[in-house]
Amino acid sequence: MNWVEKGLEWIAAEELKMKLKEEKVQVYVDKNELPGRVLFSLQQWNPSILFLLKKLQTIEHLFAYVGKITLNHSLLPSPSSSSSSLKDSINKNDNNNDNNNDPRDDSEVQVKETEVEKQILNEQKEEKDQNEERKRINSKDKKRKRTKQERKEHSKQIRIEATPEQRSLGLDQLESAASLFKEDDWENAMKIWKTFAQVTKGIKNLELLGSPIFRITAKSAGNHVFNSIELGQRLADSVVKRCPSWRPSAKQFELEISAYLRFDVLHLGFSVTDTSVSLSQVDPKRNLGVTALKPAIAYTMLHMAKIEPGEIVVDPMAGCGTIPQLGSSNFPLAIYFAGDVSDIAVEKSQQNQMEMDTKSAQNKTWNAPCQVVKWNGKRLPFASDSVDVIATDMPFGKRIGSKEGNVELYPAILREFNRVLKPTTGRAVILTQESRLIFNQASTDSWKLNRYFTINQGGLDVFLFLLFKHKNE
């Protein structure tokens, strides 16, 4: 069993099945039990499969999965009644946030009006809706900040309540954790790592392969009697107890062991990648924008669009151009256009595209042409019903723009997207944190919502939407 770490679980699972279709692969995805991770098993392992896996675009890191064990003494004790009351208050605030629906006045008296009167009323209603949306966003932001602080105080309060005996039990159990994994599972994971070390790292010495210098990378979810630093340190001690010839080192290491403790279940894996696989698909020295998009997410957006040969693909808010650059290299039979309202962003995107074209010519590979221009996303230079795919990362209202500004921006942008896309087959893949604004537009007659899911980008929970343009009446 192998472990893939990725915030885009479902797309990563799809790509795994597609790339390894001849290898009889079984893929396991559980966003609740293993958020950000995909497990897959193969009936047979060989070095050629490693090269296949390293070409995956949606993957961050690959791990040879050792297995999982339960640590009964790792969780914090049940909170006191005061803590429970605080938790109930937090949950109540969350529910209020979720149920804070936008108040709309649907009780206008319907009368016969002229076209001019209708237009005036529509403009007034739209302005009223935007004002209400601004108020709702401001209120939700304040509640979110207050709730986040309450969660911190709640967690701190519970941790203080852990007794020395409880901490001692949890830490002692960590020191014996490595010995709890099955011998066969441990050896199978080591076999895969040794293949990676020989092929990628060039380690041929059998003694070094059998006694590697290792580092523990530990993450956790839930409230525990120890912190993540203690988790990593005690797990490293437990590995040395199991394998006395192994040596821990935080800086210079040959084997990276990834540990993920979700509540009381500990997952362990041996890394078979040095760096993010998806980052290897782009130039690491490329010019980045204010909000540079992860290559794995950019490729995922293109994958969702299911780009066909000859189609016109547009990124109206391209930034440094990650989406069109990955598209031109991975889906080279389409035609790409990229633009941005910012002169700096357009310049960076043009430079990145030129460098990619130069590299492609040197390597004698083919990339689709991509034209990069300056434009306003509200007035795209395309005829109506002429574009096949729009894939773009829209402003979240944090580093670029504002939450209030997005209330007016999103409807205008979505109307322009709808104008230029082809009826029925025209589709837009949108990355945004402003999910409510997209849902509002998707509920109109202009769009059909095909698919959406949440991912994590830079610590933020964001949405990926796939919208299809409705057929013109």
key: Sub-6.0 Å ring centroid separation between Phe253 and Phe214   = no
inquiry  = If only side-chain N and O atoms count, and only distance matters, is there a donor-acceptor pair under 3.5 Å linking Glu256 with Thr217?
reply    = yes
request  = Establish, for the pair Arg37 and Tyr260, whether the NZ or CZ atom is under 6.0 angstrom from the six-membered ring centre and no further than 45 degrees off its axis.
outcome  = yes
ask   = Do Ser360 and Thr365 have side-chain atoms, one donor and one acceptor, less than 3.5 Å apart?
value = yes
task = Please determine which of His303, Glu15, Glu14 meets the side-chain hydrogen bond (donor to acceptor under 3.5 Å, both in side chains) test together with Thr58.
result = Glu15
Validation row, ring centre Phe196 to ring centre Phe270 under 6.0 Å = no
message = If the threshold is 4.0 Å, N to carboxylate O, is there a salt bridge linking Lys469 and Asp385?
response = yes
query = Shortest non-hydrogen contact from Ser349 to Gln325?
reply = O-NE2, 3.9 Å
Stepwise side-chain contact (heavy atoms from CB on, under 4.5 Å) test for Leu16 and Val25 = CA-CA 8 Å; Leu16 272 170; Val25 61; 5.6 Å; no
ask   = When you measure from the side chain of Asn418 to the backbone N and O of Leu414, does any donor-acceptor pair fall under 3.5 Å?
value = no
ask   = Any donor-acceptor pair under 3.5 Å linking the side chain of Thr300 with the backbone of Ala296?
value = yes
query = Hey, what's the ring geometry for Phe382 with Phe337, parallel, tilted or perpendicular (30° and 60° as the breaks)?
reply = perpendicular
query = So, Thr432 versus Tyr410: side-chain donor-acceptor pair below 3.5 Å or not?
reply = yes
request  = Anything under 30° is parallel, anything over 60° is perpendicular, the rest tilted; go ahead and classify Phe63 against His61.
outcome  = tilted
query = So, do Val38 and Tyr28 sit near enough that their side-chain heavy atoms are less than 4.5 Å apart?
reply = no
query = Side chains of Asn330 and Tyr299: closer than 4.5 Å at any heavy-atom pair?
reply = yes
ask   = Among side-chain atoms of Thr392 and Asp315, is any donor-acceptor pair under 3.5 angstrom?
value = yes
